[in-house]
Structure formats: structure tokens, C-alpha cells
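Below: one structure, written as C-alpha cells.
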Amino acid sequence: MNKFIIKHITFPLWEFGAGRKRLQVLKELEKSQHWPKEKLVELQNNRLKALIGHAYNNVPYYHELFKKKKLKPSDIRTVADLYKIPILTKDIIADNFDKLKAKNIQKYQPKYYSTGGTSGRHLHFYNSQATFDAHMAAAYRGWRWSGWDFGEKYAYVWGASMDLKNESTIKKKIKTFFTENRLLIQALMFTDESLKYDCERLFKFNPDYIITYPSSLVVIVKYMKSKGIIIKVKGVITSAEKLFPWQRKLFEDFFSCRVYDDYGGRESSIRSTQCEQCGGYHISVENGVLETIRNGKNVIGVPGKVLLTEFHNYAMPLIRYENTDVVTLTDKQCKCGRALPMLKNVQGRVSDIFVTADGKYIPAEYFMVAFLEFTGKYYQVIQEKKNEIVIKIVKGRHFKKSNLDEIEKTMRKWLGDAIRIKIEFVEDIPLTSQGKRRYFISKVPLEF
Ligand SMILES: [Zn+2]
């Protein structure tokens, strides 16, 4: 299908027919990205006040919480007042699931979701249709910074089975045919045969853009390199996983293009996508508040735990939801002129994988939380054997021994009691040959 027809006719028509508001939200977001900071702050405060009022009046969990804390909705007038509301953890959500549903939930076309992980507690929740529309609109806005546009010829190399479950329905096939110029590669599992088949399809399709899971694309690029296949594209957009610098370099060299990383979970419409000019991640603050905290206090410029307050999910409002990622906010202004605040770095979702004594795989991102309040100078966690973890510590001047108990307790939560945790105090921890500091190293091979 012709790019122009998709962009201006079939895609908007399909969206209109489906009763979705994504394109309308996108239009608003494309305007507000050029607003001055004050106007963005005003929008945030207005949306926050509306959400708080709704939560207090319609969500039993928040009504009770506000009463208990002697808070009135009028106490939360701006983003700066958010600290008054306690943090919402995955455990609290699981324990108060029914109470977190709005009494008038049906009004918001709720959709049930659950996020899986390699470990830890699964999160179950409801999203409103408005959140889903805003989520996609924010994604489209960010992707368009890379030059991608509707109707563009692109390959979608995706690994989340949840997103792919409807792909084989007739309706979805018709929609894709008329509204997208897309090649789907279901990167759930690779075999030699599937790789040969997928790489041939990719070569024939000759996409202009690739939207992908970094780890899936690594497998494909390595295969194509080994077979001498060459493809050039205009841009690669990575999402859903931590993008490592070596992965970025591999893609940029192989496809002769720039890589744009996109960060944001499916539980909210707050996304951050890399700017085409400075490489920082602009946050879709029109959709919510992204805070980072350390020791319960808001921080900027240093890595902190992410708290999300999304504005559109009236079905099940999550206020100051802790998603267990670690990122660094910056107060720097971008030269592109957009006043949207930025993330300097996404530290979370680091997928150096550790293996528990009983064979479970744990990404190192879970351990990063254990070290957020680290008082020493440097640390390094090494898994030498399946049943042994060594934590090397360079003490420095401010090290407190009590810190170790907390670290061990948090690590045990993930690794179980069967693993031995050894602490070693050392003078220094050498950098890698590229001058990088590695915090987590697993030497146990993965059995998949
Ligand atoms: Zn920018």
C-alpha cells in the first residue's frame, strides 16, 4: 500500500472506525512538545488535580489512604505536593487489587493486563482505553523524531508474546494490510531454520526502519553478518529492553544508520524517547509525572528509583507507582528546543543475568535496587558459580557496615537462601579494557 494513502486515508479511517483517539492525542502531543516549560507544568498540575479528585471520590484504596493520612484532595495542587502520598509498590497493588479499581471503572473501557518478568512478582492491573491511546500516541511522537512516519516501510522484530497474540486473527491481518507497510518478525525463539527464513524475508522486504527488541535484533544481525547479508536502513528504534552501548554500535555499524532508544512500560503512557539532536530521552510529561527517588527523597542528576503517576488511567489510578527501574533525570535543556524534561540515562532493565541455585534467571537490574543506598565507594557483584555470589567492596570514607545487612537481605529476596553470599573488601576494582565500570558480572553460562 502506498505510504501517502496509508498516512492520510486508510490509517486515520481505521482509527476513526475503531473509535480510538490515538491520532487526536498525537496531534495534541505534537503541539505541546513545543510549548514553553511553564505551560507544560500548568497542564501537568491541572491533570494531576483532576486525577487526585477522581481517585479520592471513586477509588476506595485512595479514599481510605487520604483519610488515614489526614489528606484532602486540595492538599495536592501541584506536582511538588506529590511527596505527601506514600509510594505504591507492586506488593501493595497485589494486596489491594479490588480496592484500587474505580467504582465507575466500566466508564473507562478497562482492559486487563499482567506484566510478566523473569523473576519477582507479576503485576496485574487494569488500564483505561485513554491510557492505551496516550501510550501509542507518545510512542508515535517519539518514533517520528527518528524520521519514521505512518505508512513507512518498516520491520517489527518483536519478542513479547502478549503483543503478538492477536496477530493471526483475520481482523488484524486486514488492518495490517490496509494501514501498515510492515514486516513482522516474531522473535520469540530462534532456530537455525527460523533465522534463515526470517533473514531472507527481511532482506527481500528491504525496510526503511526497524522497530525492535535489542536482544532479538542482535541475533539477527549476527546471523546476517555470518552469511554476508547486507541491509541498510534509515533508522533503528529499540524498545522494551535496556539497550547496551555495544548493541547500539553493532546496529549502527551494520545498518549504517542511527539508533533511537525508547523507554516506557506497558502499564503507563509515560514514555521517553531519544531526541534526534542530543540523544537525551524526552519524557511525555503531558501523560504523567516521572519522579526519581533515593532514600525516599526526590533526586535529579543521579540514578534513582522510578515512580510513575499516569494521568489517564481512571480505571485503576496508580499514583507514585514504583516500577523497579532505575534511571537518571537531568535538568539540562535540549538544543532541539523542546521543553520536555529528559532522562540522561536508563540504568534499569540491565540484563546481565544471574542464575539462582534452583535454576531461575534473574536480571541484574533487580540487584541495582539493593545498592541504591550504598555507602561505600565502589562495588562489584560477581557470580562465579551457581551457588556463590561475591560482593567486592571498596569502602571509601563514608562506608557503614549496617549497609551490608540491607544489601544481603535484598539480594537474598531474589536469589534465595541456598546461595552463598561472600563479602570481600578490596583496595580497588579494575575497570574493563574499554574503561567501563562493571557493577554486575555473571560468569555462570545460561542454559538457553
Ligand atoms: Zn531534544
Side-chain angles (χ1 to χ4, degrees), residues 22-23 25-45 47 79 134-150 152 154 208-212 214 233-245 247-249 251-252 255 257-265 268-292 298-304 306 308-311 325-349:
R22 295 188 229 175
L23 289 177
V25 181
L26 174 63
K27 223 181 228 173
E28 290 165 15
L29 290 180
E30 298 223 306
K31 269 189 207 146
S32 55
Q33 66 179 330
H34 301 297
W35 284 0
K37 197 174 165 194
E38 301 70 41
K39 205 169 164 188
L40 284 168
V41 170
E42 194 190 332
L43 177 82
Q44 275 201 309
N45 289 340
R47 289 189 167 169
V79 169
H135 174 94
M136 282 318 297
Y140 292 147
R141 175 173 72 177
W143 297 353
R144 291 190 75 225
W145 295 338
S146 73
W148 175 92
D149 205 352
F150 298 101
E152 209 76 63
Y154 77 102
D208 285 325
Y209 289 86
I210 297 176
I211 300 178
T212 185
V233 300
K234 292 179 186 165
V236 169
I237 299 165
T238 54
S239 194
E241 274 179 350
K242 160 87 182 165
L243 173 72
F244 290 96
Q247 294 172 324
R248 182 189 291 278
K249 191 170 179 325
F251 302 156
E252 290 188 339
F255 294 107
C257 71
R258 274 183 70 180
V259 171
Y260 299 83
D261 191 30
D262 178 35
Y263 164 74
S268 103
S269 62
I270 306 168
R271 299 182 77 105
S272 311
T273 315
Q274 280 195 300
C275 171
E276 76 280 19
Q277 296 206 26
C278 73
Y281 295 70
H282 282 300
I283 307 166
S284 59
V285 290
E286 302 95 327
N287 290 342
V289 183
L290 188 157
E291 298 172 82
T292 51
N298 286 73
V299 286
I300 272 188
V302 290
V306 172
L308 299 171
T309 302
E310 202 260 357
F311 294 147
D325 283 347
V326 175
V327 302
T328 308
L329 273 172
T330 170
D331 52 8
K332 281 212 177 99
Q333 282 291 308
C334 181
K335 59 185 173 194
C336 70
R338 298 181 188 101
L340 300 169
M342 289 195 290
L343 300 181
K344 192 166 100 190
N345 215 338
V346 177
Q347 281 90 355
R349 304 181 300 162

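Both counts, for ligands and for their atoms, begin at 1 and track the order of listing. Keep in mind that this is a model prediction, so the values were computed, not measured.
Between His282 and Cys336, the closest side-chain pair of non-hydrogen atoms falls below 4.5 Å. With contacts defined as side-chain heavy-atom distances shorter than 4.5 Å, the pair Tyr260/Glu276 qualifies.
Ring geometry for Trp143 versus Tyr140: interplanar angle over 60°, hence perpendicular rather than tilted (30 to 60°).
Remark: at the Zn ion (ligand 1), atom SG from Cys334 and atom SG from Cys275 enclose 110°, rounded to the nearest 10 degrees. Here the Zn ion (ligand 1) is the vertex; the NE2 atom in His282 and the SG atom in Cys336 give an angle of 100° (to 10°).
Not one N/O/S atom of Cys278, from backbone or side chain, sits under 2.8 Å from the Zn ion (ligand 1).
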> Going through the distances and angles, do Leu343 and Leu329 end up as a side chain to side chain contact (heavy atoms under 4.5 Å, CB included)?
Replying inline: CA-CA 4 Å; Leu343 300 181; Leu329 273 172; 3.7 Å; yes
